[in-house]
Amino acid sequence: MQETMGLIISNEQIADATYRMEIKASITEAMTPGQFVNIKVKEHLLRRPISIASIEEDAFVIVYRIVGDGTRILSEMKKGEMIDLFGPLGNGYPIHEEQKDVLLLGGGIGVPPLYEVAKRYRALGKTVYVALGFDRKGSVFFEREFRKLGCQVVVATMDGSYGTKGTVLDAVEKAKIDVDFVYSCGPMAMLKAIEARYQKGYTSFEARMACGIGACMACVCKDREDGKLYHRICKEGPVFAIGKVGFA
C-alpha cells in the first residue's frame, strides 16, 4: 500500500447523491480493474474505501455516493484541492484475452469497478454486454459511458421507472443475452442470485469492504472449498472466482 497526495481534476454530481471525481496521482501504474483506495479528506478518513472506476496514464476516476459526513465533505471539494490517498488496495478482476465475449453485471454503486473491465475487453476487440441495475431512474449513471465504449447495454430499475422493471437478471433475460462468462459487483442479494445462475467468471464483494487492509475482520467470508479457511475481503479480495467464497 502506498500513501500519496492526489490532485482533484474534477468533481461532479452524476446521479442522485452520486458523484464522479477524477484525481491526478502517481499510483496509477500499480492499479488494476476492481481495486480500491482509502481516502482521507480534511483529516477525516472515510469509513469505507472507494473502488476505482477508470484508470488513465496519470489519473484515475472514482464514483461515490454520499452516505455520511466524510463523503459529504468529499462532494464539496473543488478542482485543484488535494486529498490523501492510500492504495491501490486489494486485488482486481483478471482479464482473459481468450474470451470472445463477456457479461458485466453491476448494481448501484457496484457499477464503477466494472467500467475499467469493459475498457480492457473493448480494447481487445471483444464483445461486451453490460447489465446495470438501480433503484430508480434518478439513480442511473454510466449508461452513456458504457455505450461510448461500444458495449451492448441494458438497464433495470426496481421501480420500473427506466429500462426493465426488476433486477439485472430480469434485464438480461428480457434481452436474451446468452453469455456464460460474467463479472459482477453489487448488493449481496444480487451477487447471490448471480452465483446461483452462473458458474464462470468473477464477483466483487465490494459491499463487504470495511477498513481497507483486512485488519478489522468485518469483511470475512468463508472459503467454500476448504470449509474452515476464511478470506478477508479487503486484503485478499474483493474479487474472487464465482463460487469460491460463501457468505459469512
Side-chain angles (χ1 to χ4, degrees), residues 30-37 49-55 60 62-63 87-124 126-133 142 146 149 151-154 167-169 171-172 177-210 212 214 219-226 229-248:
M31 291 179 173
T32 60
Q35 287 188 301
F36 51 97
V37 292
I50 298 178
S51 291
I52 297 160
S54 182
I55 305 166
F60 67 97
I62 58 172
V63 174
L89 299 167
N91 68 349
Y93 291 104
I95 303 297
H96 295 273
E97 295 189 13
E98 72 277 8
Q99 285 297 131
K100 293 182 179 180
D101 50 25
V102 295
L103 169 60
L104 312 184
L105 302 156
I109 207 63
V111 168
L114 298 172
Y115 183 72
E116 184 67 27
V117 177
K119 281 174 57 181
R120 302 288 176 96
Y121 275 110
R122 288 299 300 147
L124 293 170
K126 308 298 184 178
T127 301
V128 179
Y129 298 89
V130 180
L132 307 176
F142 266 34
F146 279 109
L149 290 178
C151 303
Q152 300 186 41
V153 184
V154 294
T167 68
V168 290
L169 293 181
V172 167
I177 299 172
D178 185 19
V179 178
D180 65 358
F181 199 92
V182 305
Y183 291 81
S184 61
C185 186
M188 298 303 288
M190 180 188 117
L191 298 183
K192 288 181 180 180
I194 289 169
E195 290 207 333
R197 178 166 176 173
Y198 297 99
Q199 288 76 49
K200 299 177 184 178
Y202 300 92
T203 192
S204 173
F205 291 80
E206 184 209 32
R208 294 294 295 269
M209 297 190 307
C219 62
V220 163
C221 281
K222 183 183 290 187
D223 190 299
R224 284 180 173 159
E225 296 174 1
D226 180 273
L229 178 66
Y230 286 83
H231 297 281
R232 292 173 292 177
I233 302 304
C234 290
K235 190 173 181 65
E236 300 166 54
V239 176
F240 294 91
I242 287 180
K244 174 67 174 174
V245 298
F247 299 84

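Nearest heavy atoms, Val168 versus Ala131: CG1-O, 3.6 Å. Residues Cys219 and Ile233 approach most closely at O-CG1, 2.6 Å, considering heavy atoms.
Counting heavy atoms from C-beta outward, Pro238 and Arg208 have side chains that stay 4.5 Å or more apart.
Applying the salt bridge (charged side-chain N to carboxylate O under 4.0 Å, His left out) test to Glu206 and every residue at least two apart in sequence or in another chain returns nothing. Checked against salt bridge (charged side-chain N to carboxylate O under 4.0 Å, His left out), Lys244 has the following partners two or more places apart in sequence or in another chain: Asp223, Glu225.
Proximity of a side-chain donor or acceptor of Lys126 to a complementary backbone N or O of Glu97 within less than 3.5 Å is detected.
Note that CZ of Phe205 and SG of Cys185 are 10.0 Å apart. Values are rounded to the nearest 0.5 Å. The line from CZ of Phe240 to NE2 of His231 is 5.5 Å long, rounded to the nearest 0.5 Å. The distance from atom CD1 of Ile52 to atom CD1 of Ile50, rounded to the nearest 0.5 Å, is 10.5 Å.
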task = May I have the step-by-step check of side-chain contact (heavy atoms from CB on, under 4.5 Å) for Ile62 and Ser51, ending in yes or no?
result = CA-CA 6 Å; Ile62 58 172; Ser51 291; over 6 Å; no

query = Step by step, would you call Leu103 with Phe181 a side-chain contact (heavy atoms from CB on, under 4.5 Å)?
reply = CA-CA 6 Å; Leu103 169 60; Phe181 199 92; over 6 Å; no

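The side chain to side chain donor-acceptor pair (under 3.5 Å) analysis of residues 99-112, with sequence neighbours excluded, yields no pairs.
Remark: Asp226 CG is packed, more than 12 non-hydrogen atoms of other residues, nucleotides or ligands lying under 6.0 Å away.
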Extract all donor-acceptor atom pairs below 3.5 Å that involve side chains of residues 104-120 and protein atoms in other chains or at least two apart in sequence.
{"residue": "Glu116", "atom": "OE1", "partner": "Ile55", "partner atom": "N", "Å": "2.8"}
{"residue": "Glu116", "atom": "OE1", "partner": "Lys119", "partner atom": "NZ", "Å": "3.0"}
{"residue": "Glu116", "atom": "OE2", "partner": "Arg120", "partner atom": "NE", "Å": "2.7"}
{"residue": "Glu116", "atom": "OE2", "partner": "Arg120", "partner atom": "NH2", "Å": "3.2"}
{"residue": "Lys119", "atom": "NZ", "partner": "Ser54", "partner atom": "OG", "Å": "2.9"}
{"residue": "Lys119", "atom": "NZ", "partner": "Ile55", "partner atom": "O", "Å": "3.2"}
{"residue": "Lys119", "atom": "NZ", "partner": "Glu56", "partner atom": "OE2", "Å": "3.3"}

Under 3.5 Å, which donor-acceptor pairs do the side chains of residues 188-200 form with other protein atoms, sequence neighbours left out?
{"residue": "Glu195", "atom": "OE1", "partner": "Arg224", "partner atom": "NH1", "Å": "3.1"}
{"residue": "Glu195", "atom": "OE1", "partner": "Arg224", "partner atom": "NH2", "Å": "3.4"}
{"residue": "Glu195", "atom": "OE2", "partner": "Gly243", "partner atom": "N", "Å": "3.3"}

Donor-acceptor pairs under 3.5 Å, side chain of residues 89-96 to any protein atom, not counting sequence neighbours: which ones?
{"residue": "Asn91", "atom": "OD1", "partner": "Val239", "partner atom": "N", "Å": "3.0"}
{"residue": "Asn91", "atom": "ND2", "partner": "Glu236", "partner atom": "O", "Å": "3.4"}
{"residue": "Asn91", "atom": "ND2", "partner": "Val239", "partner atom": "O", "Å": "2.8"}
{"residue": "Tyr93", "atom": "OH", "partner": "Ser184", "partner atom": "O", "Å": "3.0"}
{"residue": "His96", "atom": "ND1", "partner": "Glu98", "partner atom": "OE2", "Å": "3.4"}
{"residue": "His96", "atom": "NE2", "partner": "Tyr202", "partner atom": "OH", "Å": "2.8"}

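For Tyr121 and Tyr183, the distance between ring centers is under 6.0 angstrom.
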